> 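Here it is: the structure, laid out below.
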Amino acid sequence: QVQLVESGGGLVQAGGSLRLSCLASGRAFSTYAMGWFRQAPGKERRLVAAITWSGGSTYYADSVKGRFTISRDNAKNTVYLQMTSLKPEDTAVYYCAAPAGYSDYRLEDEYDYWGQGTQVTVSS
């Protein structure tokens with residue numbers, strides 16, 4: 001069974017930065033894509049960034065392009081989300097996610113395993 005544990009959330013002022021981390025266990029981390037989702041109050045959970053198993057390709061939602069960077073360290077079984085120039089509309093619970101198989105890492109429906117989430121709050 002795959003376990004995902006996020007850390008690094010918190011309260012930050014608009015324009016600030018945060019780095020989220022997700023430690024994975026339970027299977028060969030380095031062979032699977034990984035993603036970060038977020039869910040704001042009253043809204044659906046949406047994919048904001050994803051990365052292939054090698055880190056060679058990445059995907060970003062339009063709302064975060066140029067501000068967020070996803071990366072991974074396969075030796076540490078960890079995926080990161082560096083968030084800069086944060087805006088109040090980035091406030092959400094952020095979830096680390098992993099797919100069960102090998103498919104298009106940019107598709108939200110491909111993700112089957114979830115962390116518990118970490119709260120990110122951006123004040124204006």
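Please read all numbers here as calculations on a predicted model, not as lab measurements.
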> Would you say Ser21 and Glu6 make side-chain contact, with heavy atoms under 4.5 Å?
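No; the side chains remain at least 4.5 Å from each other.
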
> Write down the atom of Tyr111, the atom of Ala50, and the distance for their closest heavy-atom approach.
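Of all heavy-atom pairs spanning Tyr111 and Ala50, the closest is OH-CB, 3.4 Å.
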
> Quick check: do Glu108 and Arg46 have side-chain heavy atoms less than 4.5 Å from each other?
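They are in side-chain contact.
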
> Could you report the tightest heavy-atom contact between Ile70 and Tyr60, atom names first, then the distance?
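That closest heavy-atom pairing would be N-OH, 2.8 Å.
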
> If you measure from CG on Leu11 to OG1 on Thr91, what distance do you get to the nearest 0.5 Å?
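The OG1 atom of Thr91 is 8.5 Å from CG of Leu11, to the nearest 0.5 Å.
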
> Could you go through Gln1 and Tyr113, starting from their C-alpha distance and side-chain angles, then the distance that decides it, and tell me whether this counts as side-chain contact (heavy atoms from CB on, under 4.5 Å)?
CA-CA 9 Å; Gln1 185 71 2; Tyr113 301 107; 4.1 Å; yes

> Is there a chain of hydrophobic side chains (I, L, V, M, F, W, Y, each step under 4.5 Å between heavy atoms) that links Phe68 to Tyr95?
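No, it is not one cluster - the side chains of Phe68 and Tyr95 are not joined through contacts under 4.5 Å.
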
> Please evaluate residues Ser123 and Gln13 with respect to the criterion side chain to side chain donor-acceptor pair (under 3.5 Å), reporting the C-alpha separation (whole Å), side-chain torsions for both, the decisive distance (0.1 Å), and the verdict.
CA-CA 5 Å; Ser123 63; Gln13 289 188 333; 5.0 Å; no

> Just how far is it from atom CG of Leu86 to atom CZ of Arg67, taken to the nearest 0.5 Å?
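Spacing of CG (Leu86) from CZ (Arg67) equals 6.5 Å.
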
> So if you build clusters from Ile, Leu, Val, Met, Phe, Trp, Tyr with side-chain heavy-atom gaps below 4.5 Å, do Val93 and Leu47 land together?
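Hydrophobic grouping puts Val93 with Leu47.
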
> Please determine if Asp62 and Lys65 form a salt bridge, counting it only when a charged side-chain N lies under 4.0 Å from a carboxylate O.
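Looking at Lys65 together with Asp62, the answer is yes, because their closest N to O distance falls below 4.0 Å.
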
> Between Thr58 and Ile51, what is the shortest heavy-atom contact and its length?
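The answer is CG2-CG1, 3.8 Å.
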
> Atom CZ of residue position Arg27 - does it have more than 12 heavy atoms of other residues, nucleotides or ligands inside 6.0 Å?
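Buried by this count: over 12 neighbours within 6.0 Å.
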
> Test your reading of the model: is there a side-chain donor-acceptor pair from Asp112 to the backbone of Ala100, 3.5 Å cut-off?
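Yes; at least one donor-acceptor contact below 3.5 Å.
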
> State plainly whether one hydrophobic cluster holds both Met83 and Val64, where clusters connect Ile, Leu, Val, Met, Phe, Trp and Tyr through side-chain heavy atoms under 4.5 angstrom apart.
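Yes, one cluster joins them.
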
> Does Arg72 count as lying over the ring of Tyr80, i.e. NZ or CZ under 6.0 Å from the six-ring centre, within 45 degrees of the axis?
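No, Arg72 does not lie over the aromatic ring of Tyr80.
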
> Where do Asn77 and Leu23 land on the side-chain contact (heavy atoms from CB on, under 4.5 Å) test, with the steps shown first?
CA-CA 6 Å; Asn77 286 2; Leu23 176 63; 4.2 Å; yes

> Please test Val79 against Trp36 for side-chain contact (heavy atoms from CB on, under 4.5 Å), starting from the C-alpha separation and ending with a verdict.
CA-CA 9 Å; Val79 62; Trp36 284 97; 3.9 Å; yes

> If I take atom CD from residue Glu44 and atom CZ from residue Arg38, how far apart are they, to the nearest 0.5 angstrom?
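These two atoms lie 14.0 Å from each other.
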
> For Ser124 and Pro88, work out which heavy atoms get closest and say how close.
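Scanning both residues, the minimum pair turns out to be CB-CG, 3.8 Å.
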
> Do you know the tightest heavy-atom contact between Glu110 and Asp104?
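It is CG-O, 3.5 Å.
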
> Out of curiosity, Phe29 CZ to Leu4 CG, how far, rounded to the nearest 0.5 Å?
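So the gap between those two atoms works out to 8.5 Å.
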
> Is there a side-chain contact (heavy atoms from CB on, under 4.5 Å) between Ser71 and Gln82 once you walk through the steps?
CA-CA 8 Å; Ser71 62; Gln82 179 69 49; over 6 Å; no

> Any chance you could measure Trp114, atom CH2, to Phe37, atom CZ, to the nearest 0.5 Å?
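Output value for this atom pair is 3.5 Å.
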
> If you measure from OG on Ser30 to NZ on Lys76, what distance do you get to the nearest 0.5 Å?
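Separation between the atoms: 15.5 Å.
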
> Are Val48 and Val122 joined in one hydrophobic group, where the rule is that I, L, V, M, F, W and Y side chains link up if heavy atoms are under 4.5 Å apart?
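Same cluster.
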
> Any luck finding a side-chain donor-acceptor pair between Thr121 and Gln119 under 3.5 Å?
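The answer is yes; a qualifying pair exists.
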
> Are Leu20 and Tyr59 co-members of a hydrophobic cluster defined by side-chain heavy atoms under 4.5 Å apart?
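Shared cluster, no.
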
> Can you name the nearest heavy-atom pair linking Tyr32 to Pro99, along with the distance?
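Residues Tyr32 and Pro99, closest heavy atoms: CD2-O, 3.9 Å.
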
